[in-house]
Amino acid sequence: MTMAVRVLLVEDNEVYRSTLELLLDGRDGLEIVGSVGDGRDAADAAEQLSPDVVLMDFRLPGLDGAEATAAIRARTPHAAILCLTAEATEADRAAVLAAGAAGLIEKSSSIDEVVRAIQSANERGDSNP
C-alpha cells in the first residue's frame, strides 16, 4: 500500500479552509497534516509538519503567495507548493512560479481537479526550481 500524500493547507478564510480539509482528508490517498491561516505561519508549519504538498491560497495576510512560497521552499525544499487562486494576474502567476511553486489552480476547480493537482504536484516533488 502506498503512503498517503501529506498535505498542509494554508488559507486565511477559515470556512473555506475547513471545507477543504473535510473534503480532502483521506480522499484518494491524501492526509491533511495541518492547516494555518497566515502566510507568515506557512513556513513554520511546513518545517514542523514536513508535508509532501502545501496547498496554499495566493492572497494571504502576512506574506503574499510568492513570498510565502519562497519562505517555504527555503526551509522545506522537498515540499511541492500548489497555489490556489481566485484572481491572480499573469504577473502574480509568474512571480509564484519563479518563487518555486509547482503550479496554480483556480479556486473554482472541482474537488476532483484539486485532488489531481495535488497528486501531480507530489509526483513532481522537489524537482521545482
Report yes or no: do [X] and [Y] belong to one cluster of Ile/Leu/Val/Met/Phe/Trp/Tyr joined by side chain heavy-atom distances under 4.5 Å?
{"X": "L8", "Y": "L20", "answer": "no"}
{"X": "I105", "Y": "L24", "answer": "yes"}
{"X": "V36", "Y": "L60", "answer": "yes"}

Within-4.5 Å side-chain heavy-atom neighbours: [X] and [Y]:
{"X": "M56", "Y": "L82", "value": "no"}
{"X": "Y16", "Y": "L84", "value": "yes"}
{"X": "M3", "Y": "D52", "value": "no"}

If you compare all heavy atoms of [X] against all heavy atoms of [Y], which two are closest, and at what distance to 0.1 Å?
{"X": "E106", "Y": "S109", "answer": "O-OG, 2.8 Å"}
{"X": "C83", "Y": "T69", "answer": "SG-OG1, 3.9 Å"}
{"X": "I72", "Y": "A42", "answer": "CD1-CB, 3.8 Å"}
{"X": "R40", "Y": "L63", "answer": "NH1-CD2, 4.0 Å"}
{"X": "R73", "Y": "A79", "answer": "NH1-O, 3.0 Å"}
{"X": "A68", "Y": "G39", "answer": "CB-O, 4.1 Å"}

Test side-chain contact (heavy atoms from CB on, under 4.5 Å), reference V53, set N122, I81, L30, output is N122
From the list V10, T76, V7, side-chain contact (heavy atoms from CB on, under 4.5 Å) with V54 holds only for V10
Between the side chain of Q48 and the main-chain N/O of A45, is any donor-acceptor distance below 3.5 Å?
no
Taking side chain to side chain contact (heavy atoms under 4.5 Å, CB included) as the definition, give me every residue that meets it alongside [X], ordered by chain and number, with sequence neighbours left out.
{"X": "E31", "answer": "A4, R6, D25, V33"}
{"X": "A95", "answer": "A66"}
{"X": "A70", "answer": "A99"}
{"X": "S35", "answer": "L9, R17, E21"}

Quick one, R93 with E87, criterion salt bridge (Lys or Arg N to Asp or Glu O under 4.0 Å). Give me CA distance, side-chain angles, the key distance, then yes/no.
CA-CA 10 Å; R93 290 176 184 275; E87 52 185 39; over 6 Å; no
Q | Salt-bridge present (E123, R116; N to O < 4.0 Å) | A | no
CG (D12) and CG (D41) are apart, to the nearest 0.5 Å, by 11.5 Å
Taken in chain and number order and not counting sequence neighbours, the residues that satisfy side chain to side chain donor-acceptor pair (under 3.5 Å) with S108 are none
Residues 58-67 vs side chain to side chain donor-acceptor pair (under 3.5 Å), sequence neighbours excluded, gives R59-D92
